[in-house]
Amino acid sequence: MLKKVLLLMLMTAFGLGMLAPAGAQTVVGVTATEIKIGNTNPYSGPASAYGTIGKVIGAYFKKVNEEGGVNGRKINYITYDDAYSPPKAVEMVRKLVEQDQVAALFQTLGTPTNSAIHKYVNQQKVPHLFVATGATKWNDPQHFPWTMGWQPNYQTEGKIYAQYIMKNFPDAKIGILYQNDDYGKDYRKGLHDGLGEANAKKMIVMEQTYEVTDPTIDSQIVNLKNSGANVFFNVTIPKFAVQAIKKAHDLGWKPAHFLNNVSSSLATVLKPAGVEASRGLITALYMKEITDPQWKSDKGYQDWVAFMKKYYPEGALDDQSNAFGYTVAHAMTQVLKQCGNDLSRENIMKQAASLKNVEFPLLLPGIKVNTSPTDHAPIEQEQLAKFDGERWATFGELYDASKK
Amino acid sequence: MDILIQQVVSGLATGGIYGSVALALVMIYEATDIVNFAQGQMAVVSTYIAWSLLNAGAPYWAAFLATLAISFVGGLLLERIVIRPVEGAPVLTVVIVCIGLLVILNSVLGWIYSYIQKPFPSPFPDRPIRIGNVYFGAHDVGALAITVLVLVALYAFFRFTTLGLAMRAAAQNPASSRLCGIRVGWMLAIGWGLASLIGAVAGMMVAPIVTLDPNMMAGILIYAFASATLGGFTSPGGAVLGGLIVGVIENLVGTYVHFIGTELKLTVALAVILIVLLVRPSGLFGRAAVHRV
């Protein structure tokens, strides 16, 4: 008995020794042949449409592994269902960190879910990379040095539209329709901030909201039209964007129509709403919209299609989420490559914060990913585009939020 | 004035949607005496069947009729396989089974068709109808007409056919009906089939407006419950009228009562349910339930 206890103590001591190598570096979830990356995604529940992002990332890592892995190590990607529920996300992320002992968390999805684990992962000092949400708060390296965002945030996009409106529609009467939650409010705030207080007061003639549970938004569109607005800022998810575009058209209301990037898909929004009704819509893009015919012969697009057919054949080719997950998985792979043989959590974070002018295949041409220890917002560029009846025609110069 | 009329018109259009789903709820309640929480999801399944047929190249009305037939048989089978084992069980058991059915159907649809929304065609012209400064969507008018048509057919079926009478009897007094030689089990199954068929009509009329995805009916079902409660769970006509009333009230309150605005529209629907249950539990047109003890 005593022998056993002693042996156990010895083994524990040895084990602890392994975990704490020389220096203050923490190496967890890494062996000579693999590195563990953790993820949570909504595979069930109300946001399950996004679950495909978690799956396409897994498919991409499978491709990386088949091609020899990163610096000789295979990526062991562990992903759990959080059902888009914050308490479930906490439970799953604790499991990833404490039981599975992952080296880093990557692309945990959702604003409410990431908010719930934000403090915990920073206390545990686990890299919390490229979170899948457009909220603004992920770029706060001073208070949350272990968290990093990915896509341009909603407020930035709102500001882009504001600048364009002020320049091109000095007499704008703006009507806003937004979803009554953090996502909608972030866009609204971006527009307000971009216009400035005086202009916002003068230009915005009506603001209407809707709930995700609302069956239709007809009533709101009727009110917006009636307000006399000649600029329409449409902050809706695809389902309601289709209705808004159609209804405005049916009512004979023809404002300058700004549609948020969230609903910029040709296949799921513009075509169902009708080409005639959609003509002239303006949005801000940072990715190639994969159902847009102008990318059919693009190398990045074709590579993606070939990848989808081989590694994720059940994934839909008209779902932008599959392009999104593919692109961000490139970024994670890039970070691991840069780490070389030092896969301590400190170095993973350091490398994630030193991406310099990196381009990825499905980002719009010219859009570069940049990060630094004080800049945890990888993509900060977007370009305006107008729907010409067939494709998103980009115009004007690339807008760079980091330079404003 | 134009804005008031336009809000009423679009309220009627939305209300027509609520009414058509409420009609299916009432149907199943009339025929089997249970409230089916999976009704909306069953309608979505039917709509996906129609979508698949249309995608395979079937003409609209052929796909429409085929979907009705498939939905009828599907509803019938669901009753035989899923509901029959819990027949006579406490209400709560049946409710749980229905909710389970809802979740399963929802996930299966997501698995097969993905959660990406799909456009669904309308059989009616694309151009809006304009009278003065008021616009009517042609689809909205057509959908409402079809709902009313279904309603009339339903009324005639229950009022004038022996089968309809037998079904009502089977739902209200199974023991006596059985003694009269009515095959109660089959009457309930046919009730499910019919409700599923009505749901299919509702789904195919709703989908062109809200676009088709597995969660299409989630929000609508709440309003449909409000409509059915308001009109009376025992009155098909009441349910449709209830839908129209809820649709119009919701729009007018959202537009003219500023502290409610567009943010509390759903609350208005829930308040309707609550007030009706407190003041007149059987709804505007429903019969009060009387049970001999």
Side-chain angles (χ1 to χ4, degrees), chain A residues 42-52 177-178 180 207-227 237-243 246-247 249-253 263 265 267-274 276-277 314-322, chain B residues 2-3 6-7 9-11 13-14 17-18 21 103 106-107 110-111 113-120 126-130 133-140 206 208-224 247 250-252 254-255 261-267 269:
Chain A
Y43 297 115
S44 64
S48 40
Y50 292 125
T52 191
L177 174 65
Y178 66 95
N180 191 20
E207 297 189 353
Q208 294 268 298
T209 64
Y210 72 93
E211 306 292 328
V212 202
T213 45
D214 284 353
T216 73
I217 47 161
D218 286 7
S219 172
Q220 285 88 329
I221 303 292
V222 169
N223 285 336
L224 285 165
K225 182 199 174 195
N226 193 59
S227 73
I237 55 173
K239 173 180 176 163
F240 296 103
V242 174
Q243 290 187 32
K246 243 195 218 170
K247 188 73 184 178
H249 183 70
D250 281 358
L251 289 173
W253 183 36
S263 294
S265 166
T268 59
V269 178
L270 272 51
K271 294 225 170 105
E276 252 340 286
E314 68 274 27
L317 287 176
D318 57 0
D319 187 348
Q320 189 72 19
S321 293
N322 287 330
Chain B
D2 281 350
I3 173 95
Q6 188 68 60
Q7 285 290 8
V9 165
S10 73
T14 320
I17 297 179
Y18 306 158
V21 181
V103 175
N106 184 284
S107 302
W111 181 45
Y113 294 98
S114 90
Y115 289 90
I116 296 296
Q117 53 185 3
K118 304 197 177 343
F120 193 89
D126 214 14
R127 287 193 158 276
I129 304 160
R130 184 180 166 176
N133 275 326
V134 179
Y135 293 80
F136 299 81
H139 178 83
D140 297 336
V206 170
I209 303 173
V210 304
T211 68
L212 179 59
D213 74 274
N215 298 317
M216 177 174 84
M217 286 289 187
I220 297 175
L221 194 66
I222 300 172
Y223 288 93
E250 180 199 21
N251 274 8
L252 294 184
T255 306
T262 43
E263 294 179 8
L264 293 176
K265 275 170 72 176
L266 183 62
T267 319

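Of the listed residues (B:Pro128, B:Ala269, B:Ala138, B:Ala13), the one with the most heavy-atom contacts under 4.5 Å to chain A is B:Pro128. With chain A as the partner, the residue from B:Ile17, B:Asp213, B:Ile3, B:Thr255 showing the most heavy-atom pairs under 4.5 Å is B:Ile3. Among A:Asn226, A:Leu251, A:Val242, the residue with the largest count of heavy-atom pairs under 4.5 Å with chain B is A:Leu251.
B:Glu250 and B:Tyr18 form a side-chain donor-acceptor contact under 3.5 Å, judged by distance and modelled atom types alone. Residues B:Ser10 and B:Asn251 have side chains that bring a donor and an acceptor to within less than 3.5 angstrom of each other. No side-chain donor-acceptor contact under 3.5 Å links B:Gln6 and B:Asn133.
With sequence neighbours excluded, the residues forming a salt bridge (charged side-chain N to carboxylate O under 4.0 Å, His left out) with A:Asp218 are A:Lys247, listed by chain and number. With sequence neighbours left out, A:Glu276 forms a salt bridge (charged side-chain N to carboxylate O under 4.0 Å, His left out) with A:Arg279.
If you measure heavy-atom distances from B:Met217 to chain A, you find no contacts under 4.5 Å at all. Only the side chain of A:Asn180 has a heavy atom closer than 4.5 Å to any heavy atom of chain B. For A:Gln208, the parts sitting under 4.5 Å from any heavy atom of chain B are the backbone and the side chain alike. Proximity to chain A (any heavy atom under 4.5 Å) is restricted, for B:Pro208, to the backbone atoms N, CA, C and O. Proximity to chain B (any heavy atom under 4.5 Å) is shown, for A:Val222, by both the backbone and the side chain. Using a 4.5 Å cut-off between heavy atoms, A:Lys246 touches chain B through its side chain atoms alone.
Remark: side-chain polar atoms of A:Asp214 are paired, donor with acceptor, to backbone N or O of A:Glu211 under 3.5 angstrom.
The side chain to side chain contact (heavy atoms under 4.5 Å, CB included) with A:Thr216 is formed by just one residue from the set B:Ile220, B:Val206, B:Asp140, B:Ile209; it is B:Ile209.
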